[in-house]
Amino acid sequence: MNKMGLMTYSIFMLFIAVASNAGADSTSASARGPAPVRYTGPIIDVHLHTDPPASVIGVPNPVTHARPATSPAELLDATLRACEQYHIVR
């Protein structure tokens with residue numbers, strides 16, 4: 001995998017990891033005061049790659065260890081499902 005492909009893949013995986021932990025509870029945070037209000041509205045993502053380089057196809061997710069996509073179409077579908085799940089609208 002070239003450097004640009006690895007960087008693109010890493011950013012995508014970081015996005016998925018952050019999104020999947022968005023509702024995680026932290027005991028240390030509760031010790032600092034009242035829990036923050038959880039935002040449930042739409043999210044506008046200003047930078048999302050939906051056409052990844054071929055070098056990321058078949059590579060396991062290093063963050064979530066999810067099964068790797070076997071085609072660009074499969075990765076695009078997974079990305080769009082995650083956007084729908086987390087209310088990312090643009």
Side-chain angles (χ1 to χ4, degrees):
M1 180 180 303
N2 65 30
K3 287 183 183 180
M4 184 57 83
L6 182 59
M7 184 173 67
T8 301
Y9 183 73
S10 298
I11 291 169
F12 176 74
M13 292 302 114
L14 178 62
F15 161 76
I16 296 298
V18 169
S20 66
N21 287 322
D25 189 20
S26 171
T27 56
S28 62
S30 64
R32 287 182 260 149
V37 175
R38 184 173 176 175
Y39 179 75
T40 59
I43 298 170
I44 298 174
D45 186 330
V46 296
H47 189 111
L48 177 65
H49 290 261
T50 57
D51 187 21
S55 58
V56 303
I57 302 303
V59 177
N61 182 321
V63 176
T64 65
H65 306 290
R67 181 183 62 79
T70 58
S71 70
E74 185 179 347
L75 185 56
L76 175 59
D77 289 344
T79 301
L80 295 176
R81 279 194 309 274
C83 288
E84 186 175 317
Q85 179 182 356
Y86 295 106
H87 308 288
I88 299 169
V89 296
R90 293 185 188 177

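Among all heavy-atom pairs drawn from Pro72 and Ile57, the shortest one is N-CD1, 3.7 Å. Of all non-hydrogen atoms in Pro60 and Pro68, the two that sit nearest each other are N-CB, 3.8 Å. The shortest non-hydrogen separation linking Val89 to Pro42 is CG1-CB, 3.7 Å.
Residues that satisfy the side chain to side chain donor-acceptor pair (under 3.5 Å) test with Thr70, not counting sequence neighbours, are Glu74. The salt bridge (charged side-chain N to carboxylate O under 4.0 Å, His left out) check on Arg81 picks up nothing, with sequence neighbours excluded.
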